[in-house]
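Below, each value reflects all heavy atoms present in this structure, side chains not excepted, and no hydrogens, waters or symmetry copies. Every value quoted in this text rests on a predicted model; they were computed, and no experiment measured them.
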Amino acid sequence: MPNVMTPPFDRRIGVPLLSRLRTERGQQDPFPLYARLRSQGAVVPAPWGGFLVTRFDLCDEVLRSGAWLEPDRHWRERQGLSTRWLAPSAREMSGTLPALNPPEHTTVRRTAGAFDRGTIQGMSGSVTRVTDGLLDTLADRLRGDGEADFAALVGEELPIATIGDWLALPSADRPRLRELTHEQVFAQELLPSAGQLARSDAATAELRTYFMELVRDRRTHPREDPVSRWITTWDGLEPDQDKADEAVYLLTLFVLLASLETTSTLLSTMTFLLAERPERWDLAAARPDLASAFVEETLRFDPPTHVISRVAAEDCTLGGVGVRKDETVHLMVGAAHRDPARYRDADRFDPFRTRPAHLAFSGGIHYCLGAPLARLEATTLLRRLVVRLPRLTVVRRPAMAPRVAFRRLLNLNVAFA
């Protein structure tokens, strides 16, 4: 351990705040809770061990440094069978790209390819067509019923249509895949309950069956699609066909999960922020050149992912606090994005910020592979929404899923203003 004085910690101090964060009421507006957590320090002891990091610069440092690792399968095995890290769904996720460390991470990331500039440009027309169709449906429902659930009709539908088309997934299968994604994400939560892990385990098992069958089908009947290309790539890297198919399955699973859960939250959160304040809607309509800025400020103001976990590769210090090898730090992104030391007037939504950088897509070697696609969907939706529809207003505040790491609006009922 580096020569640093680490004060004795009372690990109970964060219990009340974390208990409230896990509730639907706490998720309605977690930011005052984050402010209280920040007031307790930049590196706060977590009740179960490890630390919660609340300051932007420290979160950014951890994400960019090779001194901090993903809690990969080797680390998880050392935690013991009784921990949530070795639940079947968590064990399955340890094989996907976000849970790998170099050199394995480097190999898998290179095979993924995915959303380069050419791919994004090629998807742009399709995303626009799908968006327009979904907004037609939303407008019809608004005119007929007076209000409509934006999250259900648009926020949830655009990501599954986009990634479903790209992966060439049958349209009939997509609603079930979306449901399974919402269940599976509990394996990646900060404090999942036993019941939530059981739901995640069941969803993960069904997703494995589905995607392994898909990989076998694409091997027998290849197409011009990413899954078929990944099979070809992995056949050149792995002589064992079963292992190659497993690698393609894990890559396909990751792409689906990453494309649906966080992007749907981004789309609905952005629309909520626009619709709750008429001046924001009017500005977005008058200044289409600000679409990207609105998206980036949404990602800062209320990101889809509020917690990212890392493990110390060696004994070290972080913010003057000693952290031992294999100890976890949980980067409280939602708190870091409101850090007044980083952002002036941090609690104000401001698309004109001159320093908009954020951690919504993580950082370093684990920077989100699907960030360009999420940005494409969000900017396309924003531009089409304010042109195609009269100004919307929020009918009632959306219900929120009782989760800490991954935000989710359960509904977003809107009406014409």
* **Test salt bridge (charged side-chain N to carboxylate O under 4.0 Å, His left out) applied to D326 and R76, R310, R78, the passing residue** =>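 Going through the options one by one, the only one that passes is R78.
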Is it true that [X] and [Y] have a side-chain N and a carboxylate O under 4.0 angstrom from each other?
X: D60; Y: R55; value: no
X: R348; Y: D345; value: yes
X: R219; Y: D235; value: yes
X: R176; Y: E179; value: yes
X: K243; Y: E238; value: no
X: R408; Y: E156; value: yes
X: E296; Y: R353; value: no
X: E327; Y: R324; value: no
X: E261; Y: R403; value: yes
X: R223; Y: D225; value: no
X: E104; Y: R73; value: yes

Indicate yes or no for a side-chain donor-acceptor contact from [X] to the backbone of [Y] under 3.5 Å, with no hydrogens or angles considered.
X: T23; Y: G26; answer: yes
X: T262; Y: A258; answer: yes
X: T96; Y: M93; answer: yes
X: T263; Y: P159; answer: no
X: T305; Y: V307; answer: no
X: Q196; Y: S193; answer: yes
X: S39; Y: R36; answer: yes
X: R174; Y: G164; answer: yes
X: N413; Y: V395; answer: no
X: R38; Y: A335; answer: yes

Are [X] and [Y] packed together at the side-chain level, in the sense that at least one heavy-atom pair is separated by less than 4.5 angstrom?
X: L256; Y: L207; answer: yes
X: V62; Y: V53; answer: no
X: L180; Y: Y210; answer: no
X: T106; Y: I365; answer: no
X: S200; Y: V185; answer: no
X: E61; Y: L318; answer: yes
X: E147; Y: R141; answer: no
X: L97; Y: H105; answer: yes

* Asked: What do you reckon, is CZ of R208 surrounded by more than 12 foreign heavy atoms closer than 6.0 Å?
  ->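 Yes.
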* Asked: Would you say the ring centroid of F150 lies under 6.0 angstrom from that of F272?
  ->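 Aromatic pair excluded; centres sit 6.0 Å or further apart.
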* Asked: So, for H366 and W68, is the gap between ring centers shorter than 6.0 Å?
  ->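 No - the distance between ring centres of H366 and W68 does not fall below the 6.0 Å cut-off.
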* Working for side chain to side chain contact (heavy atoms under 4.5 Å, CB included), residues L273 and F349 -> CA-CA 9 Å; L273 292 171; F349 184 91; 3.7 Å; yes
* To do: Check step by step if side chain to side chain contact (heavy atoms under 4.5 Å, CB included) holds for F186 and F406.
  => CA-CA 9 Å; F186 288 118; F406 293 91; over 6 Å; no
* S89 and T204: CA distance, side-chain angles, deciding distance, side-chain hydrogen bond (donor to acceptor under 3.5 Å, both in side chains) verdict -> CA-CA 6 Å; S89 50; T204 303; 4.5 Å; no
* **Sole candidate of R338, H337, M270 that passes side-chain contact (heavy atoms from CB on, under 4.5 Å) when paired with F301** =>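 Among R338, H337, M270, the one that satisfies the side-chain contact (heavy atoms from CB on, under 4.5 Å) with F301 is R338.
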* Asked: Can you list the steps and then say if R300 with D350 is a salt bridge (Lys or Arg N to Asp or Glu O under 4.0 Å)?
  -> CA-CA 10 Å; R300 182 204 70 86; D350 180 10; over 6 Å; no
* Evaluation steps, salt bridge (Lys or Arg N to Asp or Glu O under 4.0 Å), between E77 and R91 -> CA-CA 9 Å; E77 288 167 358; R91 190 181 299 118; over 6 Å; no
* Would you sort out whether Q184 and E92 count as a side chain to side chain contact (heavy atoms under 4.5 Å, CB included), showing the intermediate values? => CA-CA 10 Å; Q184 197 285 331; E92 193 85 348; 5.9 Å; no
* To do: Establish, for the pair R280 and F294, whether the NZ or CZ atom is under 6.0 angstrom from the six-membered ring centre and no further than 45 degrees off its axis.
  =>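 Not satisfied by the 6.0 Å and 45° rule.
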* Is the NZ or CZ atom of R216 both under 6.0 Å from the centre of the six-membered ring of Y249 and within 45° of that ring's axis? ->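 Pair R216/Y249 does not count as cation-pi.
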To the nearest 0.5 angstrom, please state how far the [atom1] atom of [X] sits from the [atom2] atom of [Y].
X: R218; Y: E213; atom1: CZ; atom2: CD; answer: 12.5 Å
X: L331; Y: T54; atom1: CG; atom2: OG1; answer: 10.5 Å
X: S228; Y: H221; atom1: OG; atom2: NE2; answer: 11.0 Å
X: L100; Y: T107; atom1: CG; atom2: OG1; answer: 9.5 Å
X: S94; Y: L86; atom1: OG; atom2: CG; answer: 8.0 Å
X: I120; Y: L376; atom1: CD1; atom2: CG; answer: 5.5 Å

Could you tell me whether the side chains of [X] and [Y] share a donor-acceptor contact shorter than 3.5 Å?
X: T119; Y: D116; result: yes
X: N411; Y: D149; result: no
X: W234; Y: T111; result: yes

* ring pair (Phe, Tyr, Trp, His ring centres under 6.0 Å) partners for Y34, two or more places apart ->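 Counting only residues at least two positions away or on another chain, Y34 forms a ring pair (Phe, Tyr, Trp, His ring centres under 6.0 Å) with F31, H306.
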* To do: Check ring pair (Phe, Tyr, Trp, His ring centres under 6.0 Å) between H182 and all other residues, then give those that pass, not counting sequence neighbours.
  =>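 Applying ring pair (Phe, Tyr, Trp, His ring centres under 6.0 Å) to H182 gives none.
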* What is the ring orientation for W85 with W75, classed by angle as parallel under 30°, tilted 30 to 60°, or perpendicular over 60°? ->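 W85 and W75: perpendicular rings.
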* Which atoms form the tightest heavy-atom contact between V414 and L142, and what is the distance? ->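 Answer, listing the atom of V414 first, then L142: O-CD2, 3.2 Å.
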* **For L134 against V154, the heavy-atom pair lying closest together** =>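 Nearest heavy atoms, L134 then V154: O-CG2, 4.0 Å.
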* Just do the side chain to side chain contact (heavy atoms under 4.5 Å, CB included) check on L52 and L37 with the steps written out, would you? => CA-CA 9 Å; L52 310 173; L37 188 63; 4.1 Å; yes
